[in-house]
Amino acid sequence: MLAKIFIKPKKGILDPQGKAVSGALARLGFNRIQDVRIGKYIEIKFDAGDTDTAQSDVRSMCETLLVNKVIEDFTFEIAEE
Amino acid sequence: MLAKIFIKPKKGILDPQGKAVSGALARLGFNRIQDVRIGKYIEIKFDAGDTDTAQSDVRSMCETLLVNKVIEDFTFEIAEE
Amino acid sequence: MPKIKAGVIVFPGTNCDRDTYYALKQTMGCEVDSVWYETKTLRKYQLIVIPGGFSYGDYLRAGALARFSPVMEALREYTEKKGLILGICNGFQILLEAMMLPGAMQRNDTLKFICKDVQVRVERNDTPFTLLYKKGDRIQIPIAHAQGNYYGSEQTLASLEKQNQIVFRYCDESGNTTEQSNPNGSLHNIAGLCNSETTILAMMPHPERASDSTLGNDEGRKIFLSIKKALS
Amino acid sequence: MDNVEKILKELNLTGDEYKKITGYIGREPNITELWIFSAMWSEHCSYKSSRPYLKRMPSSGKDVLIGPGENAGVVSIGDGLAVVFKMESHNHPSFIEPYNGAATGVGGILRDIFTMGARPVAILDSLRFGEPDDDKMKYLIDGVVAGIAGYGNCMGIPTVGGEIYFDAAYKDNILVNAMAVGVVPDDRIFLAKASGAGNPVFYVGSKTGRDGIHGATMASASFTDETAVLKPTVQVGDPFMEKLLMEACLELMKTNHIVAIQDMGAAGLTSSSVEMAAKGGLGIEIDLDKVPQREEAMLPYEIMLSESQERMLLIAKKGHEKAVEAVFRKWNLDVSQIGRLIESPEIIVKANNRVQARLPLTVLVDEAPVYTRYARMPVSVTTTATTNASEEIPEPKDYDSIFIQLLSSPTIGSKRWAYEQYDHSVGTDTVIKPGADAALIRIKGTRKGIAITTDGNSRYTYLSPYAGSGIAVCEAARNIACIGARPLAVTDCLNFGNPENPDVMWQFIESINGITSACLAMGIPVVSGNVSFYNETEGTSIYPTPVIGMVGIMDTLRERITPDFKDNGDSIILLGETLDECGGSEYLKLVTGKISGRPPRVSPEMEKRVIDLLHAMNKMHMVKSASDCSEGGLAVTVARCAIAGNKGAKLNMQWRYRPDLELFSESQHRIIITAAHKHVDKIKKMAQQNDIACKMIGMVGGRRLIVNNRVSVSVEDLRNAYHRGL
Ligand SMILES: Nc1ncnc2c1ncn2[C@@H]1O[C@H](COP(=O)(O)OP(=O)(O)O)[C@@H](O)[C@H]1O
Ligand SMILES: [Mg+2]
């Protein structure tokens with residue numbers, strides 16, 4: 001299986017990196033940027049019996065290790081490769 | 001528009017962070033992990049006349065700034081929010 | 001003989017500019033300007049230093065945002081006239097992002113910021129930056145970075161080796177370039193690179209922190225003295 | 001207001017306090033006003049449980065330019081220069097989000113320094129964690145260390161020292177204290193004291209979000225499950241922004257455009273505006289619509305209470321507005337004139353063209369409640385602190401192995417794993433780096449150096465807050481002396497449990513008394529500090545943990561001493577007396593797992609004599625190396641000197657006590673020095689004249705550390721044990 005995990009800063013939480021990149025894009029002439037948020041993209045290849053197990057495995061990986069729930073939100077997708 | 005950009009380490013490039021996370025997941029008991037790759041997830045909200053312009057804008061943001069093509073690959077999606 | 005004129009570029013977030021300024025004055029006795037990142041020409045200088053620090057907070061990738069500053073245009077023009085450029089730490093990262101040297105920096109393979117003294121071996125002394133060293137000299141010098149893990153594709157590495165562009169490599173106390181002595185995972189133990197014309201030197205270690213015996217180490221001093229000699 | 005009780009509870013105000021408020025202002029406060037009160041009257045801002053006791057500490061001295069009360073203390077060091085320093089805690093935020101909690105702690109203390117016009121030259125961090133053996137604690141440790149590194153490194157200010165202790169008492173309440181030191185010309189010091197009614201008030205730096213709205217309240221409450229609900233308010237630090245803010249402020253401070261400046265720390269805009277105006281005896285009017293905002297639809301109280309980082313409030317001179325704005329624009333920073341000073345001593349807060357709050361400043365500042373809390377000696381002091389520790393320790397069969405275990409224990413072992421992540425050489429002023437007894441920072445353009453250290457052993461303070469706190473001062477002074485400097489002044493960070501608990505209050509008062517008597521005896525003033533109460537979780541308090549930050553001065557860098565053994569054949573000399581004192585020691589804990597017994601005896605008078613003696617001997621160029629004895633005792637000190645110098649040593653002890661007790665006793669007021677053999681007689685004589693015990697205990701040389709017929713370990717093995725890491 002292949003899990004694709006998308007992590008981003010929670011709403012309301014300052015994202016200094018996004019802010020800096022937003023400024024840089026504007027200086028480069030992309031001047032209709034409203035907001036930039038930068039997070040992590042994680043791909044995990046793993047074995048799991050079926051999609052349901054895979055779903056619950058990935059959720060628990062996110063919650064225990066991959067995501068800092070105090071400041072980040074996440075979503076994920078699972079494909080059978 | 002909302003662009004979702006997925007950046008990951010190029011194939012063949014050692015990803016030390018991915019390796020560390022893979023080890024940590026194994027220690028947590030997720031023992032059928034084959035590979036972990038860690039990259040960036042970027043969301044950009046911006047104005048663009050139509051999807052075609054948006055497409056080409058985002059591609060050029062990636063190629064000029066957001067992605068370092070020596071070590072990274074990217075894909076993106078655009079939604080009309 | 002007129003005094004050498006050097007410029008130290010200051011980006012928002014640069015933080016070794018004052019250290020570098022001081023070291024240039026102390027070692028080379030040259031005239032030094034702090035050069036604001038919006039400057040449009042560098043014609044009056046014989047040496048430009050891009051110092052260490054966290055330009056634009058090192059956000060996105062170290063050096064990625066600095067690369068688009070106005071002064072970088074001026075720097076390109078300056079290279080055409082064969083002026084000398086020394087990039088230290090963040091300066092190295094910026095030169096890579098600006099594609100003035102090949103390759104890219106990844107995070108240290110320890111995944112941590114590392115600040116300590118390391119040993120590097122001088123691979124060539126026929127550059128303006130190293131002419132007072134002997135080839136094979138081993139010098140102790142501090143590093144302080146989170147992204148100093150040099151990566152180049154196989155072709156890039158082959159060409160760097162072939163053209164002899166590797167100026168410093170991490171090594172052990174006996175001068176051997178072992179895996180153990182490589183602090184950050186850099187391919188081919190690369191700690192410093194030059195361009196093929198040897199007018200640009202980019203290095204992760206900080207010579208300005210190893211140029212004053214009061215600080216317990218002046219083994220990097222000869223880099224500045226070499227430049228002085230080359231320009232005189 | 002409906003439901004006053006519920007609101008008061010959320011705001012951490014008591015019913016009596018509410019009554020006081022209505023009495024003073026002669027009406028019911030509205031919700032914005034009540035929030036302002038809750039912030040200004042919080043423990044964190046008002047020091048309502050601690051104020052009377054803090055006054056006991058000596059705070060003046062001939063070199064003190066500014067004592068407690070300003071953003072940081074300022075002490076003259078001659079040559080027209082002064083050092084500015086302070087320590088602060090960021091405990092609760094770091095437990096919730098270790099990386100950002102620690103990072104913003106560093107950011108906050110740095111702002112306190114450059115607010116005063118000083119360029120920060122060093123950071124130190126004093127950390128307390130639970131035992132490093134579970135995943136949660138490892139996560140906290142990694143995050144905190146990385147957060148400190150992340151902020152300080154980006155700012156380009158070296159983190160040059162600190163300390164890390166591990167003890168189960170901190171399992172659910174870690175401590176993260178950060179200290180910063182700056183240097184300023186003594187005629188360019190800026191204060192947070194407003195002047196000139198009509199002068200404009202400027203807001204600069206990051207935009208305001210809903211970050212840390214409960215910050216001051218959270219720091220004034222214990223941890224319960226309810227505090228966990230406050231999580232979304234966590235602050236994220238932006239060191240890049242702070243670097244720009246610092247450079248812009250320092251640039252502005254070279255001009256004559258501003259009259260006062262204050263960072264927005266705890267309780268953000270509220271405390272900075274109220275304090276600046278109140279200090280100047282003026283009032284202030286601010287319009288929240290002019291405050292740069294990051295989030296939509298923020299309520300007035302949210303803007304007033306936000307603890308978004310990297311923001312400053314300053315008062316400019318009327319007519320200089322354009323010039324002020326130009327400096328901040330150059331650095332790409334948000335700057336906005338949000339109000340002005342007024343004659344009448346009150347704060348007027350407007351938003352949406354309406355007055356949202358209007359309160360008299362004297363009530364907010366001077367009438368804040370003061371509590372004389374009930375204090376009582378805890379039972380533990382009589383039960384655990386009076387046992388005879390040495391009787392509980394069986395003599396080891398294998399000295400080598402116990403020695404190696406001690407050397408590699410988390411608290412004693414080298415903290416290289418942490419300080420290698422800190423850029424400690426940026427600035428090109430770090431003459432003595434982390435790893436020695438104290439750090440030494442040179443001041444370019446002079447021959448001077450400043451020495452800095454932090455100290456505080458909370459096992460001692462748990463067993464005897466008075467003695468333990470005195471020891472912290474003594475040890476700090478000794479560490480300063482060991483690198484060849486003279487102690488100058490102290491900043492403190494007093495981390496305690498819940499002051500409403502009489503046990504804790506007793507610990508707090510005893511601790512203040514201990515610091516006070518040690519500082520008085522040694523002539524060292526306390527010029528700044530911070531109190532952090534409510535370090536408890538579900539009713540269990542941490543050990544009382546006063547941390548002492550000390551700054552010393554060295555007139556010429558040539559006087560510096562380092563701990564490493566220098567030459568084979570040098571004599572190893574012990575200054576000070578070893579007693580059978582293993583109470584509260586690392587050795588006792590290692591062998592028995594207990595924290596008990598009487599802590600070592602403390603005598604600030606003797607400490608001063610030892611320090612002065614070392615200083616005198618150093619002036620005569622007789623001291624080749626010096627290092628003090630602290631945790632782990634004499635044996636650990638000798639091992640560290642051997643490792644640092646990469647040289648062995650042979651000790652010939654004349655045992656007064658059982659050898660293990662003598663080797664690992666933590667008696668205070670002791671320093672190990674080395675000297676050329678020809679100086680030994682002179683050294684002994686000087687010691688005798690000053691009534692200080694002095695014994696030659698061995699010689700430098702070889703590749704092993706050998707103690708009589710008990711210990712024999714190679715320097716290599718010592719090094720591996722010491723640097724093993726967690
Ligand atoms: N958190 C830390 N950050 C930076 N340096 C540290 C830290 N912890 C310890 N050190 C350094 O390691 C050395 C030894 O620390 P410690 O054992 O506390 O010293 P001492 O017993 O002399 O007070 C000192 O130089 C100290 O500054
Ligand atoms: Mg010490």
Side-chain angles (χ1 to χ4, degrees), chain A residues 1-11 15 17-50 53-68 72-77 79 81, chain B residues 1-11 13 15 17-50 53-54 56-68 72-77 79 81:
Chain A
M1 305 260 180
L2 177 68
K4 297 182 176 186
I5 303 167
F6 317 105
I7 304 174
K8 66 173 177 174
K10 266 201 174 136
K11 194 161 176 268
D15 175 15
Q17 181 158 233
K19 205 173 67 183
V21 168
S22 165
L25 286 172
R27 282 194 301 280
L28 282 173
F30 298 101
N31 40 27
R32 292 188 298 181
I33 308 285
Q34 289 158 17
D35 193 29
V36 179
R37 303 287 280 175
I38 302 191
K40 289 199 192 99
Y41 173 58
I42 304 183
E43 280 189 2
I44 302 185
K45 277 200 195 129
F46 67 120
D47 286 336
D50 52 70
T53 336
Q55 289 269 356
S56 81
D57 274 5
V58 172
R59 178 166 304 280
S60 106
M61 291 179 205
C62 287
E63 292 187 343
T64 49
L65 182 73
L66 304 176
V67 180
N68 179 350
E72 295 169 333
D73 280 335
F74 69 98
T75 53
F76 62 89
E77 288 167 7
E81 278 186 284
Chain B
M1 304 261 180
L2 177 69
K4 297 182 177 186
I5 303 168
F6 317 104
I7 304 175
K8 63 175 179 174
K10 261 201 173 135
K11 204 159 169 257
I13 288 201
D15 170 16
Q17 206 188 348
K19 219 172 72 185
V21 166
S22 167
L25 285 172
R27 275 194 304 283
L28 284 172
F30 300 100
N31 39 28
R32 294 190 296 182
I33 308 285
Q34 290 158 18
D35 191 30
V36 179
R37 307 287 281 174
I38 302 193
K40 294 196 183 90
Y41 173 59
I42 305 183
E43 280 188 3
I44 302 185
K45 277 200 194 128
F46 66 119
D47 287 337
D50 53 70
T53 337
S56 80
D57 273 5
V58 173
R59 177 166 304 281
S60 107
M61 290 180 206
C62 287
E63 291 186 342
T64 47
L65 177 69
L66 302 178
V67 180
N68 181 337
E72 295 167 330
D73 280 335
F74 69 98
T75 52
F76 63 89
E77 287 166 9
E81 275 187 287

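Order of the sequence lines fixes the chain letters, A, B, ..., with proteins taken first and strands second; residue numbering starts at 1 for each chain. Every value quoted in this text rests on a predicted model; they were computed, and no experiment measured them. The analysis underlying the following values was restricted to heavy atoms, covering all of them including side chains, and did not include hydrogens, waters or symmetry mates.
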In terms of heavy-atom proximity below 4.5 Å to chain A, should B/S22 be classed as side chain, backbone, both, or neither?
neither
State the NZ-OH distance between A/K40 and B/Y41, to the nearest 0.5 angstrom.
14.5 Å
To the nearest 0.5 Å, tell me how far B/D15 CG sits from A/E43 CD.
10.5 Å
Interface moiety of B/L28 toward chain A, non-hydrogen atoms closer than 4.5 Å
side chain
If I take atom CD1 from residue A/I38 and atom CD1 from residue B/I44, how far apart are they, to the nearest 0.5 angstrom?
7.5 Å
Considering only heavy atoms, which portion of B/L66 lies under 4.5 Å from any heavy atom of chain A: side chain, backbone, both, or neither?
side chain
Got a second to check how far A/Q17's CD is from B/I42's CD1, nearest 0.5 Å?
7.5 Å
Is any side-chain heavy atom of B/M61 closer than 4.5 Å to a side-chain heavy atom of A/I33?
yes
Could you grab the distance from atom NZ of B/K4 to atom CZ of A/R37, nearest 0.5 Å is fine?
14.0 Å
Neighbour count >12 (heavy atoms, 6.0 Å) for atom NZ, B/K10
yes
Taking every non-hydrogen pair under 4.5 Å, which of B/A3, B/A48, B/S60, B/G18 racks up the most with chain A?
B/S60
Do you know the tightest heavy-atom contact between A/F30 and B/T64?
CE1-OG1, 4.3 Å
